[in-house]
Novice: 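Sharing a structure with you now.
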Amino acid sequence: MTVGDMTRYRKAITYVPLAKWLTIEMATLIILSLFWLTESRLAGYSAFIGGLIFVIPNAYFAHRTFRYQGARQIHVAVGNMFRAESIKLALTAIFFAAVFTLMEPVHVPALLFTFAVMVVLGTALRWLIRPQPQR
């Protein structure tokens, strides 16, 4: 393998800018919560909780999924991805159950609207923020 081949190989390794992703999600969550806060304090709080119900499991999934890189680690990465997705879905269900059983009162439209916006935003970010080559 020549030096040129090694350089080309190194450029093929990429990383996902998770900090940028999380920053955009949290900024959007805060803006939505402030928007709902104009209706009532309960609506703003419920909106924030609704966004966290998306952000926390999603951050866990991203951390577990993108922890391993490289072709030699692919079997570990794929196994982690399926496990992380299962845990992400379970955490989301547990958080919703906890909110509806333990938190009273809840402004349901604010909670669900913010959660739905965060889901759409998360999907859009997957298309807009591309993995970057490592340097």
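Not measured: the values here are computed from a predicted model.
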Novice: Which pair of non-hydrogen atoms, one from Val99 and one from Val106, has the smallest distance, and what is that distance?
Specialist: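 Residues Val99 and Val106, closest heavy atoms: O-CG2, 4.0 Å.
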Novice: Is there a side-chain contact between Leu18 and His63 (heavy atoms, below 4.5 Å)?
Specialist: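 Answer no - side chains too far apart.
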Novice: Taking the side chain as C-beta and beyond, is there a heavy-atom pair between Arg126 and Trp21 under 4.5 Å?
Specialist: yes
Novice: Specify the closest pair of heavy atoms between Leu121 and Glu25, including all atoms of both residues, with the distance to one decimal.
Specialist: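 Scanning both residues, the minimum pair turns out to be CD2-CA, 4.1 Å.
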Novice: If you compare all heavy atoms of Phe61 against all heavy atoms of Lys88, which two are closest, and at what distance to 0.1 Å?
Specialist: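 Closest pair (atom of Phe61, atom of Lys88, distance): CB-CD, 3.7 Å.
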Novice: Just wondering, more than 12 heavy atoms not from Phe96 lying within 6.0 Å of its CZ?
Specialist: yes
Novice: Under 4.5 Å between side-chain heavy atoms, hopping through other hydrophobics if needed: is there a path connecting Phe100 to Leu42?
Specialist: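 No, because Phe100 and Leu42 fall into different hydrophobic clusters, even though each may have its own neighbours under 4.5 Å.
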Novice: Going by the side chain to side chain donor-acceptor pair (under 3.5 Å) test, which pairs reach into residues 92-105, not counting sequence neighbours?
Specialist: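 Counting only pairs at least two positions apart or across chains, no side chain to side chain donor-acceptor pair (under 3.5 Å) contact touches residues 92-105.
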Novice: Holding to side chain to side chain contact (heavy atoms under 4.5 Å, CB included), I want the full list of residues that pass it with Leu89, two or more places apart in sequence or in another chain.
Specialist: Glu85
Novice: Hey, can you pull the donor-acceptor pairs under 3.5 Å for the side chains in residues 108-119, sequence neighbours left out?
Specialist:
unit_1 : atom_1 : unit_2 : atom_2 : d
Thr114 : OG1    : Ala110 : O      : 2.8

Novice: Kindly compute the distance separating CZ (Phe82) from CD1 (Ile87), expressed to the nearest 0.5 Å.
Specialist: 14.0 Å
Novice: Search all heavy atoms of Met103 against all heavy atoms of Ser46 and return the closest pair with its distance.
Specialist: CE-OG, 3.7 Å
Novice: Can you give me every donor-acceptor pair (side chain of residues 28-37, partner residue at least two apart or in another chain, under 3.5 Å) with its distance?
Specialist:
unit_1 : atom_1 : unit_2 : atom_2 : d
Thr28  : OG1    : Ile24  : O      : 2.8
Ser33  : OG     : Leu29  : O      : 2.9
Ser33  : OG     : Phe48  : N      : 3.3

